[in-house]
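Report on one structure; see the data block that follows.
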Protein chains: 2
Amino acid sequence: MPPTTPGPRGRRPTLADVAARAEVSTALVSIVMRGAKGAGEATRERVLRAAREIGYRPDTRARLLRSHRSRLLGVQFGLQQPFHADLVEGLYAVAEPAGYQLALSAVAAGRGEERAAQSLLDDRCEALILLGPQAPAARLAELSAGLPVVSVARRLRPAVAGVEVVRTADDEGARRAVDHLVGLGHRDIVHVDGGRAPGAADRRRGYRTALRRHGLAERARVVAAGTGEEDGARAARGLLADGPPPTAVLAFNDDCASGILDVLLRAGVRVPDEVSVVGFDDSRLARLAHIDLTTVAQDAARLADLAVGRAIARLEGEETPGETVVAPRLVVRGTTAPPRDGS
Amino acid sequence: MPPTTPGPRGRRPTLADVAARAEVSTALVSIVMRGAKGAGEATRERVLRAAREIGYRPDTRARLLRSHRSRLLGVQFGLQQPFHADLVEGLYAVAEPAGYQLALSAVAAGRGEERAAQSLLDDRCEALILLGPQAPAARLAELSAGLPVVSVARRLRPAVAGVEVVRTADDEGARRAVDHLVGLGHRDIVHVDGGRAPGAADRRRGYRTALRRHGLAERARVVAAGTGEEDGARAARGLLADGPPPTAVLAFNDDCASGILDVLLRAGVRVPDEVSVVGFDDSRLARLAHIDLTTVAQDAARLADLAVGRAIARLEGEETPGETVVAPRLVVRGTTAPPRDGS
DNA sequence: CCTTTGCGCTAGAACGTTCTAGTTACCTGG
DNA sequence: CCAGGTAACTAGAACGTTCTAGCGCAAAGG
């Protein structure tokens with residue numbers, strides 16, 4: 001059984017230790033450990049055995065110090081954002097097979113994006129993958145002067161030269177949701193809006209476009225709200241106060257939808273019998289049996305795949321499209337149904 | 001304006017560059033950058049200015065390679081666990097002021113604990129802080145032979161020599177929940193149990209103890225369930241089928257409670273009017289206005305503080321208690337109320 | 001037989017820091 | 001005026017890798 005932890009003495013075995021045991025030079029051990037060519041079959045075996053026997057593990061930091069490639073992708077993510085967790089999971093899945101490691105840096109309460117990004121730079125990452133970055137475009141441009149930068153799930157308008165964007169087609173998501181509702185027979189569909197949040201403008205636009213295509217342009221109705229549950233609740237109270245509610249609501253996101261659901265249910269309005277509700281994001285929340293929200297899902301795996309792909313392409317000097325848009329997917333659950341009467 | 005990114009040429013400035021510009025030795029620049037003593041006031045200024053002007057940032061990896069201290073705490077966490085996000089947030093808040101950096105390594109779908117821990121070791125972390133580790137005790141023991149290991153939120157029975165445990169008093173949490181319910185007038189309280197999940201045994205024990213203290217020992221009733229929403233739902237359906245439901249339910253955790261709430265509400269049982277429900281964890285879920293769950297909160301900030309403290313203490317060779325237990329806090333929200341009749 | 005080629009291997013210099021052990025130069029007290 | 005101390009600074013060797021040259025040797029080609 002080879003030891004898989006450093007011995008109690010504290011000193012971890014190094015290349016030199018392996019070299020001594022296998023009676024070769026450190027350079028050769030290095031060759032063998034990297035799987036590079038230039039070592040005979042027999043010696044290779046001998047070195048590997050020696051390494052195994054003394055529990056040798058290469059020192060990442062020394063390795064990176066010397067070889068100018070670090071094969072490290074820096075990932076900045078929001079600790080409190082469940083969707084980012086899905087993305088990071090996807091990133092791991094793609095990066096490791098491609099021969100890259102991930103360095104994670106979280107944005108949290110006392111730790112802003114500036115700190116997070118800086119720590120990634122200090123770690124000598126080769127590229128930065130920023131999940132939903134809020135930093136000003138100028139800062140992103142500045143970063144991208146030094147290394148490839150990929151912004152995931154944040155659109156940049158106008159485009160920032162050098163910053164690669166990978167995002168979901170928010171407008172299309174909203175369109176699909178509207179198509180679904182119209183297909184069920186709804187004609188009176190309200191959009192509870194996310195205001196200035198990333199993606200909100202596109203979702204609003206998609207909503208309007210879809211209604212227009214269905215010949216319902218003049219029935220478009222956008223209610224200002226926001227990104228949180230409470231924003232949705234407020235909007236819903238407003239809707240109930242303003243005479244008969246619509247037969248369907250497209251919320252900016254799942255949190256917002258959850259607030260809407262709450263107010264409706266407490267007011268005795270049955271969902272989906274009287275009012276259908278659609279969310280956006282397919283968060284954990286939406287999947288709860290309790291809530292069972294019809295929603296528009298972002299394809300985290302695909303976004304992650306593209307993000308890594310673009311970062312690596314840029315590292316290898318390839319041309320990249322600048323922006324890549326991923327189609328969302330409508331997940332039909334229990335909060336949508338045909339309207340009670342064809343109003 | 002000092003550049004805060006590496007220049008386009010790719011080569012980042014090094015100590016030598018700063019030294020050249022300030023016309024001193026690299027050793028002195030090192031001294032100044034570390035804030036060590038041994039530099040004159042005037043030169044210090046000059047060096048700092050030079051560093052600022054060329055946008056120098058120390059190279060973490062080279063720094064760590066040389067100084068045997070890495071001042072790096074490795075944190076292994078579950079990507080999909082919201083509670084871990086709270087803990088990591090707390091860890092950042094404590095570690096950075098104490099002069100330590102965090103290296104994050106996520107456990108996710110295709111990336112088990114073994115991989116996560118190994119990557120932390122490869123980064124030459126000085127100590128490991130494992131959030132809710134599932135690895136066998138033997139593996140933890142093995143790890144702790146090489147460096148201090150702190151297990152957060154997982155109790156180890158029997159204790160593993162060398163592994164420091166920081167956890168919430170699950171039994172006390174359950175007791176507080178029961179005390180609250182009894183205080184409201186409940187006497188018919190069921191515990192929907194988490195089975196073999198970490199903490200479940202303690203919560204079960206706390207529940208039993210509390211009932212006994214209130215002279216209700218013979219009314220204790222434990223229903224086997226699990227950690228998920230669906231487990232709670234199943235248990236609730238069972239309760240409803242077995243004649244009149246209890247007046248109060250203590251669920252293993254919030255997810256489980258959410259499933260219970262769902263089944264009760266769909267069955268037309270009013271919460272909290274007819275049945276009170278208490279969760280455990282104070283997850284994001286519990287805080288939703290929609291759910292508004294009375295629950296037992298773990299003190300993430302305190303757990304994080306202790307975890308870092310113990311890790312550092314061990315690094316400095318101090319004696320540590322081996323296990324530290326943190327009191328939970330009952331958060332009363334809208335799912336508990338006095339029973340309708342004093343059954 | 002002598003050159004070429006290529007393979008297996010090694011010596012030794014990087015990489016960007018910190019650390020050890022100095023060397024100056026300036027006080028300070030006798 | 002000198003011993004002794006201290007503050008400011010520096011040369012050069014680490015740290016654990018990878019990389020560049022290049023060496024010895026056997027097989028192949030002339």
Side-chain angles (χ1 to χ4, degrees), chain A residues 6-7 10-48 50-51 54-72 99 101 121-126, chain B residues 6-7 10-48 50-51 54-72 99 101 121-126:
Chain A
R11 210 180 72 69
R12 288 174 55 142
T14 73
L15 273 189
D17 299 321
V18 181
R21 180 172 254 258
E23 295 176 305
V24 291
S25 70
T26 59
L28 187 58
V29 179
S30 169
I31 287 170
V32 172
M33 296 318 288
R34 278 175 290 146
K37 63 176 183 182
E41 196 45 50
T43 347
R44 189 176 290 271
E45 284 302 325
R46 189 152 42 89
V47 169
L48 286 176
I54 65 178
Y56 168 76
R57 296 228 98 217
D59 184 321
T60 320
R61 322 204 88 106
R63 171 175 277 189
L64 297 190
L65 176 60
R66 174 60 231 214
S67 57
H68 263 171
R69 302 287 319 260
S70 73
R71 303 196 78 83
L72 207 54
Q101 298 289 326
L121 291 179
D122 290 348
D123 282 351
R124 292 289 192 269
C125 291
E126 293 186 25
Chain B
R11 211 180 72 70
R12 288 175 54 145
T14 73
L15 272 191
D17 299 319
V18 181
R21 181 172 251 262
E23 295 175 305
V24 292
S25 69
T26 59
L28 187 57
V29 179
S30 169
I31 287 170
V32 172
M33 294 318 289
R34 276 176 290 146
K37 63 175 182 182
E41 196 46 48
T43 349
R44 190 175 289 269
E45 284 302 324
R46 190 152 42 89
V47 168
L48 285 175
I54 64 177
Y56 170 75
R57 297 227 95 221
D59 184 322
T60 319
R61 326 205 84 107
R63 173 175 277 186
L64 298 190
L65 176 59
R66 174 60 232 215
S67 56
H68 260 171
R69 300 288 318 258
S70 74
R71 304 196 77 83
L72 207 55
Q101 297 290 325
L121 291 178
D122 290 348
D123 282 351
R124 292 290 191 266
C125 291
E126 293 186 22

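The sequence lines fix the lettering, A, B, ..., with proteins before strands; numbering per chain opens at 1. As a basis for the values below, the full set of heavy atoms in this structure was taken, side chains included, without hydrogen atoms, waters or symmetry mates. These figures come from a predicted structure and were not determined experimentally.
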Exercise. Using heavy atoms to find the nearest nucleotide of DNA chain D for B:Ala39 and A:His68 separately, return the residue whose nucleotide is more 5′.
Key: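 First, find each residue's nearest nucleotide; the 5'-ward one identifies B:Ala39.
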Quiz item: More 5' along DNA chain D: B:Arg46 or A:Leu64, using each one's nearest nucleotide?
Solution: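 It is B:Arg46, whose closest nucleotide lies nearer the 5' terminus.
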Listing time: all N or O pairs from protein to nucleotides 20-25 of chain C that are below 3.5 Å?
none

Exercise. List the atom of A:Glu23, the atom of A:Arg46, and the distance in Å for their closest heavy-atom pair.
Key: O-NH1, 4.2 Å
Please check if the side chain of [X] supplies one atom and the backbone of [Y] the other of a donor-acceptor pair under 3.5 Å.
X        : Y       : result
B:Gln101 : B:Leu72 : no
A:Arg61  : B:Leu65 : no
A:Thr26  : A:Leu15 : no

Quiz item: For residues A:Arg34 and A:Ser30, is any side-chain donor paired with an opposing acceptor at under 3.5 Å?
Solution: yes
Quick one: [atom1] on [X] to [atom2] on [Y], what's the gap to the nearest 0.5 Å?
X        : Y        : atom1 : atom2 : value
A:Asp123 : B:Asp123 : CG    : CG    : 8.0 Å
B:Ile31  : B:Lys37  : CD1   : NZ    : 11.5 Å
B:Met33  : B:Arg44  : CE    : CZ    : 11.0 Å

Exercise. Would you work out how much the helix from C:dC1-D:dG30 to C:dG30-D:dC1 bends between its ends, with each end axis defined by five base pairs, to 10 degrees?
Key: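 Comparing the axis at each end, I get an angle of 50°.
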Quiz item: So do B:Arg21 and B:Ile54 actually touch side chain to side chain, heavy atoms under 4.5 Å?
Solution: yes
Self-check item: Any side-chain heavy-atom pair of A:Leu121 and B:Arg12 under 4.5 Å
Solution: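 Result yes, sub-4.5 Å side-chain heavy-atom pair found.
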May I ask you to say what [X] touches in the nucleic acid, namely base, sugar-phosphate or nothing, with a heavy-atom cut-off under 4.0 Å?
X       : value
B:Arg61 : nothing
A:Gly38 : base
B:Ser30 : base

Quiz item: In a check of side chain to side chain contact (heavy atoms under 4.5 Å, CB included) between A:Leu48 and each of A:Val18, A:Val29, A:Val32, which one passes?
Solution: A:Val32
Quiz item: Taking any atom under 4.0 angstrom from a heavy atom of chain A, which nucleotides of DNA chain D are the first and last to qualify, 5' to 3'?
Solution: D:dG16 to D:dC19
